[in-house]
Amino acid sequence: MPNLYTWSDTQFELIKKYIEEFEASPDTEHEVGVMLTNFAQSILMQVTEIGYEKSVMLVFKGFVDGKAANLIQHINQLNFLFISMDRQELEKPKVKIGFRMPDED
């Protein structure tokens, strides 16, 4: 019987669940940041969208140090920390991370 947690769609759903729980905080001055911990150094990424490519790749889109960034990562290499980061534009509504299924355009 195959391991049910080895496919990108399952990992996507698990990550989505954890992010939505983290985003449920009523705090309006912070948003979810992702500390990527699998590089030679830790990198803070402001994630705006998460998607996946079947069957083993996850795609993270957002910003690193204010510059557009995309991280394409195999599900076996996932290792990051959700953190609360200061929002840059407090006058605008809090934006939640978007989740994109592979068949959406």
Side-chain angles (χ1 to χ4, degrees):
M1 181 170 177
N3 184 345
L4 298 178
Y5 297 104
T6 59
W7 301 106
S8 57
D9 55 345
T10 303
Q11 295 296 315
F12 174 85
E13 291 300 327
L14 290 168
I15 290 169
K16 180 179 176 185
K17 178 186 110 176
Y18 288 118
I19 287 176
E20 287 173 344
E21 288 174 3
F22 197 91
E23 286 180 328
S25 165
D27 181 353
T28 59
E29 297 179 7
H30 297 90
E31 60 192 2
V32 177
V34 176
M35 185 69 69
L36 307 170
T37 60
N38 58 343
F39 296 97
Q41 61 183 354
S42 294
I43 297 172
L44 179 61
M45 182 176 195
Q46 177 188 4
V47 176
T48 56
E49 183 178 298
I50 299 173
Y52 64 92
E53 297 290 331
K54 292 187 178 181
S55 68
V56 294
M57 302 301 278
L58 285 166
V59 180
F60 299 83
K61 295 182 179 184
F63 298 91
V64 173
D65 296 330
K67 297 179 183 175
N70 290 343
L71 171 64
I72 301 166
Q73 194 161 29
H74 191 278
I75 61 170
N76 287 341
Q77 295 176 325
L78 292 178
N79 186 19
F80 48 75
L81 171 69
F82 298 139
I83 64 167
S84 176
M85 60 186 286
D86 294 337
R87 290 185 51 216
Q88 300 300 312
E89 300 180 44
L90 293 176
E91 66 280 356
K92 293 185 179 180
K94 187 174 177 179
V95 178
K96 294 184 176 185
I97 294 173
F99 295 93
R100 184 179 180 105
M101 303 296 286
D103 55 345
E104 294 178 351
D105 290 325

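Everything numeric in this text was worked out from a predicted model, so none of it was measured.
- Of all heavy-atom pairs between K61 and N70, the closest is CG-OD1, 3.1 Å.
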Should L78 and Q11 be marked as a side-chain contact (heavy atoms from CB on, under 4.5 Å) after you check the CA-CA gap, both sets of side-chain angles, and the distance that decides it? CA-CA 9 Å; L78 292 178; Q11 295 296 315; 4.0 Å; yes
Residue pair L44, I83: steps toward the side-chain contact (heavy atoms from CB on, under 4.5 Å) verdict: CA-CA 9 Å; L44 179 61; I83 64 167; 3.3 Å; yes
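- Looking at I15 and I50, their side chains come closer than 4.5 Å, going by heavy atoms from C-beta outward.
- Linking ILVMFWY side-chain heavy atoms closer than 4.5 Å, directly or via other members, places F63 and V47 in two distinct hydrophobic clusters.
- Side-chain atoms of E23 come within 3.5 Å of backbone atoms of I97 as a donor-acceptor pair (strictly under, hydrogens ignored).
- A heavy-atom distance below 4.5 Å is not found between the side chains of Y52 and V59.
- Using a 4.5 Å cut-off between side-chain heavy atoms of Ile, Leu, Val, Met, Phe, Trp and Tyr, with links allowed through other members, F12 and F22 fall into the same hydrophobic cluster.
- Other residues, nucleotides and ligands place no more than 12 heavy atoms under 6.0 Å from the OH atom of Y18.
- Here the CD1 atom belonging to I72 is positioned 12.0 Å from the CD atom belonging to Q77, to the nearest 0.5 angstrom.
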Would M45 and F60 count as a side-chain contact (heavy atoms from CB on, under 4.5 Å) if you check the C-alpha gap in whole Å, the side-chain angles of each, and the deciding distance to 0.1 Å? CA-CA 9 Å; M45 182 176 195; F60 299 83; 4.3 Å; yes
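- The minimum heavy-atom distance linking I19 with F82 is given by the pair CG1-CZ, 3.2 Å.
- Distance alone, capped at 3.5 Å, is enough to place a donor-acceptor pair between the S8 side chain and the S55 backbone.
- The closest donor-acceptor contact from the side chain of E53 to the backbone of M57 lies at 3.5 Å or more, if one exists at all.
- Put simply, the side chain of E29 does not reach to within 4.5 Å of the side chain of D86, judged on heavy atoms.
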